[in-house]
Trainee: 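Questions regarding the structure given below will be posed in turn.
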Amino acid sequence: MSEQEQIEQCNKCKETATDEVEPAVPRPAIILELAIDTEADMLKKHNSGNGSVYSSDQGYDESQALMDRLQSDHSTAGSDTNADPTQLNKMLAPRSRSRVDSTGHLAVSLYGSRESLDSVYSNAGEHRRGHIQITGEMMVSLQYCFKTSFFKVYIKQCKDLAPVDTRRMRSDSYAKSYLLPDKTKNGKRKTKVKKNTLNPHFEETLKYCLTRGELETRTLWISVWNSDSLGHNDFLGEIRIPMETWHVDDSALKWHPLRDRCEPLDSLIVYKGDLRIAIRYSKVENETKSKKKKIVEKGVLQVRVIEAMNLTPLDVSGTSDAFVKGYFLPEKSKGMKQKTPVIKKDCNPKWNYEFQFEGIQFEELAERCLELTVWDYDRITHNDFLGGVRLNLGRGKSYERSIAWMDAQGEEMNLWRALIEQPNQWVEGRIPLRDSMVSHFKK
């Protein structure tokens, strides 16, 4: 066979092979087009429903424009199967939480609430374009039950709230409360979300369990938020009521104007949790070595460390290995120190452990101080301070001398007074932990 005949036969084989191969179908491009339509529909549905992460109509126009641009680029590309996901992600990144994977699919990532435990203000609404003008009022009533030690916050309704969805003039609102300075997750209470209204009727009771003396040291903080399905909750106003100004017999429903954000909450006392204890002074029989000597009445100070609540987690596991140390000041020698066992991996440890300080005269109770401190145990390095309390009469003096540690306040002082007034009886209390044992008195 000549060389020319070989070339002709080879060309015929190529033509035959080309006819047998099925034309390529641009499937990735079709998938991309369908995915874009789905994303656009979802954004449109979201913006027409429960509010938007964008500002009013402007946000929807921008998101729709983005989708139009993507579809236009895709149409221009035709059946090009080599669309660059990196370029598409750059286009999506500034305005949405979407990405295009290596196969050309448009992946949507929906996140829950991003509210930080370190702050009672949600950071999600901080990045809105513009500012929501705070309007409206909240109707609230307060009640304290001495029998059950429950403080009840009844949130009836709000009216004339600011609209987050300005086109449809509506918001999806809920209220949440704290008893400052407790800013922890355990101290938060929330109502249900009332959708599509600027005049929501909540009619819910939020409850807190604490003593009347402890309540007087707190500030009730109630804020109203717009709930967003993407976690970008918008601040709609707040009220604050110092409990020391509230009369316990006043349980009437009252309107409170919603205000913009007040001073930073970081300026308030840091909440470290609570310590629940019971104490008793037990008198013993009179003792004397000689009839000529004056009889001195001595007794035993009993301290039952029951439990701690809402301790700060310091370990990697999100817990603490807590124990309590006790001194009866001014004695603070190593031999006078009392300690509970360590309860591991628990921010709400229960000890039910008893200290005893013996040989205490009844008159000494007015001049001395019971100091209890909570610590996180660390086997390798030093133990970490979790909080503490000091129980005394809070006069700043001991035996007529100015003493820094005689600085009890609030529930600390109330519990110590009850001990002196009721010898031979157990008295119990739940006391907020101090964030520092530095004296309240200025030197």
Side-chain angles (χ1 to χ4, degrees), residues 111-124 149-151 176-190 206-211 214-215 217-218 221 231 233 265-266 268-279 303-327 337-355 370-391 410-412 415 428-438:
Y111 293 80
S113 176
R114 298 188 298 134
E115 181 180 2
S116 170
L117 292 180
D118 297 329
S119 173
V120 293
Y121 285 129
S122 172
N123 294 324
S149 294
F150 271 116
F151 175 57
K176 67 178 178 181
S177 68
Y178 293 87
L179 278 178
L180 303 177
D182 182 358
K183 299 186 289 184
T184 64
K185 186 176 181 180
N186 290 336
K188 179 172 68 174
R189 306 288 187 271
K190 289 175 63 175
L206 311 179
K207 297 181 180 180
Y208 295 86
C209 184
L210 71 172
T211 65
E214 183 183 355
L215 180 62
T217 67
R218 304 295 189 95
W221 184 83
N233 301 329
L265 293 174
D266 293 338
L268 297 169
I269 301 172
V270 178
Y271 177 70
K272 302 290 287 185
D274 300 304
L275 184 65
R276 183 169 161 237
I277 63 172
I279 53 178
V303 181
R304 184 177 298 158
V305 182
I306 302 173
E307 62 180 329
M309 289 150 281
N310 306 322
L311 295 180
T312 304
L314 295 182
D315 297 342
V316 178
S317 60
T319 60
S320 288
D321 303 332
F323 69 95
V324 177
K325 288 195 299 186
Y327 292 97
K337 179 173 66 176
Q338 306 266 10
K339 286 175 60 176
T340 69
V342 176
I343 304 295
K344 293 188 175 181
K345 298 182 179 180
D346 198 342
C347 289
N348 298 279
K350 294 177 173 59
W351 293 282
N352 289 310
Y353 190 84
E354 188 172 309
F355 298 156
L370 174 64
E371 181 180 273
L372 303 173
T373 51
V374 187
W375 299 83
D376 175 61
Y377 174 75
D378 196 305
R379 186 168 57 89
I380 300 176
T381 61
H382 60 82
N383 300 325
D384 295 304
F385 177 75
L386 292 174
V389 300
R390 287 201 187 109
L391 277 66
E411 193 66 19
E412 296 173 329
L415 191 59
E428 183 178 318
R430 176 175 170 175
I431 308 172
L433 291 169
R434 304 179 180 199
D435 63 328
S436 170
M437 299 310 287
V438 175

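Here the structure is a predicted model, which means the values were calculated and not measured.
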Trainee: Supply the atom-to-atom distance L275 CG to L386 CG, rounded to the nearest 0.5 angstrom.
Mentor: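 Between L275 CG and L386 CG, I get 11.0 Å after rounding to 0.5 Å.
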
Trainee: Taking only residues two or more places apart in sequence or in another chain, which ones pass side chain to side chain contact (heavy atoms under 4.5 Å, CB included) with S177?
Mentor: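 Counting only residues at least two positions away or on another chain, S177 forms a side chain to side chain contact (heavy atoms under 4.5 Å, CB included) with R189, L206, Y208, L220, I222.
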
Trainee: Are side-chain heavy atoms of V303 and L370 found at a separation under 4.5 Å?
Mentor: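 Contact flag for V303/L370 side chains = yes.
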
Trainee: In this structure, are over 12 heavy atoms from other groups packed under 6.0 Å from K344 atom NZ?
Mentor: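 Check fails, neighbour count at 12 or below.
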
Trainee: Is the NZ or CZ atom of K337 both under 6.0 Å from the centre of the six-membered ring of Y327 and within 45° of that ring's axis?
Mentor: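 No; the conditions do not both hold, so K337 does not lie above the ring face of Y327.
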
Trainee: Do P432 and D274 touch side chain to side chain, with heavy atoms closer than 4.5 Å?
Mentor: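 Counting from C-beta outward, P432 and D274 do come under 4.5 Å.
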
Trainee: Taking all atoms of both residues into account, what is the closest heavy-atom pair of Y178 and K188, and its distance?
Mentor: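 Heavy atoms of Y178 and K188 come nearest at OH-CD, 3.2 Å.
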
Trainee: Which residues pass the salt bridge (Lys or Arg N to Asp or Glu O under 4.0 Å) test with E354, sequence neighbours left out?
Mentor: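 If we apply the salt bridge (Lys or Arg N to Asp or Glu O under 4.0 Å) test to E354, skipping adjacent residues, the hits are R304.
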
Trainee: With a 4.0 Å cut-off on N to O distance, would you call E411 and R430 a salt bridge?
Mentor: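 Here E411 does not pair with R430 in a salt bridge, since their nearest N and O are not under 4.0 Å apart.
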
Trainee: Taking the side chain as C-beta and beyond, is there a heavy-atom pair between Y377 and D384 under 4.5 Å?
Mentor: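 The answer is no; the side chains never approach within 4.5 Å.
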
Trainee: For F385, enumerate each residue passing the side chain to side chain contact (heavy atoms under 4.5 Å, CB included) test, keeping only those at least two apart in sequence or located in another chain.
Mentor: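 Per chain and number, F385 pairs via side chain to side chain contact (heavy atoms under 4.5 Å, CB included) with T373, W375, M437.
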
Trainee: Set out, in order, the CA-CA distance, both residues' side-chain angles and the distance that settles side-chain contact (heavy atoms from CB on, under 4.5 Å) for F355 and V305, then state yes or no.
Mentor: CA-CA 8 Å; F355 298 156; V305 182; 3.9 Å; yes

Trainee: Kindly write out the residues that satisfy side-chain hydrogen bond (donor to acceptor under 3.5 Å, both in side chains) with D376, not counting sequence neighbours, or none if the list is empty.
Mentor: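 Not a single residue meets the side-chain hydrogen bond (donor to acceptor under 3.5 Å, both in side chains) criterion with D376.
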
Trainee: Taking the side chain as everything from C-beta on, heavy atoms only, tell me whether L311 gets closer than 4.5 Å to N348.
Mentor: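 The answer is no; the side chains never approach within 4.5 Å.
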
Trainee: List for me each residue that meets salt bridge (Lys or Arg N to Asp or Glu O under 4.0 Å) alongside K345, sequence neighbours excluded, and say none if there are none.
Mentor: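 K345 satisfies salt bridge (Lys or Arg N to Asp or Glu O under 4.0 Å) with no other residue.
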
Trainee: Taking 4.0 angstrom as the limit, do R390 and E412 come out as a salt bridge?
Mentor: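 Between E412 and R390 there is no salt bridge, as every charged N stays at least 4.0 Å from the carboxylate O atoms.
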
Trainee: Please test I431 against I277 for side-chain contact (heavy atoms from CB on, under 4.5 Å), starting from the C-alpha separation and ending with a verdict.
Mentor: CA-CA 8 Å; I431 308 172; I277 63 172; 4.2 Å; yes

Trainee: Any chance you could lay out the side-chain contact (heavy atoms from CB on, under 4.5 Å) test for E307 and N352, step after step, and finish with the verdict?
Mentor: CA-CA 7 Å; E307 62 180 329; N352 289 310; over 6 Å; no

Trainee: Measure the CZ-CD1 distance between F323 and I343 for me, rounded to the nearest 0.5 Å.
Mentor: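 Output value for this atom pair is 12.0 Å.
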
Trainee: Is there a side-chain contact between S320 and D346, using heavy atoms and a 4.5 Å cut-off?
Mentor: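 Of all side-chain heavy-atom pairs linking D346 with S320, none is under 4.5 Å.
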
Trainee: Kindly write out the residues that satisfy side-chain hydrogen bond (donor to acceptor under 3.5 Å, both in side chains) with D378, not counting sequence neighbours, or none if the list is empty.
Mentor: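 If we apply the side-chain hydrogen bond (donor to acceptor under 3.5 Å, both in side chains) test to D378, skipping adjacent residues, the hits are T381.
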
Trainee: Donor-acceptor check, side chain of W351 to backbone of P341, threshold 3.5 angstrom: yes or no?
Mentor: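 Looks like yes, one N/O pair under 3.5 Å.
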
Trainee: Is the charged tip of K207 near the ring of F150: under 6.0 Å from the six-membered ring centre and within 45° of its axis?
Mentor: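 Output yes; distance and angle both within limits.
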
Trainee: Who pairs with T312 by side-chain hydrogen bond (donor to acceptor under 3.5 Å, both in side chains), at least two apart in sequence or on another chain?
Mentor: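 side-chain hydrogen bond (donor to acceptor under 3.5 Å, both in side chains) check on T312 returns nothing, list empty.
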
Trainee: Under the rule for side-chain hydrogen bond (donor to acceptor under 3.5 Å, both in side chains), what residues qualify as partners of D321, not counting sequence neighbours?
Mentor: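 Once residues adjacent in sequence are excluded, D321 has no partner under the side-chain hydrogen bond (donor to acceptor under 3.5 Å, both in side chains) criterion.
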
Trainee: With a 4.5 Å cut-off on side-chain heavy atoms, are V374 and V389 touching?
Mentor: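 No; the side chains remain at least 4.5 Å from each other.
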
Trainee: Please evaluate residues L215 and L179 with respect to the criterion side-chain contact (heavy atoms from CB on, under 4.5 Å), reporting the C-alpha separation (whole Å), side-chain torsions for both, the decisive distance (0.1 Å), and the verdict.
Mentor: CA-CA 8 Å; L215 180 62; L179 278 178; 4.3 Å; yes

Trainee: Please examine the side chains of R434 and K272, heavy atoms only from C-beta on, and report whether any two atoms are closer than 4.5 Å.
Mentor: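 K272 vs R434: side chains apart.
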
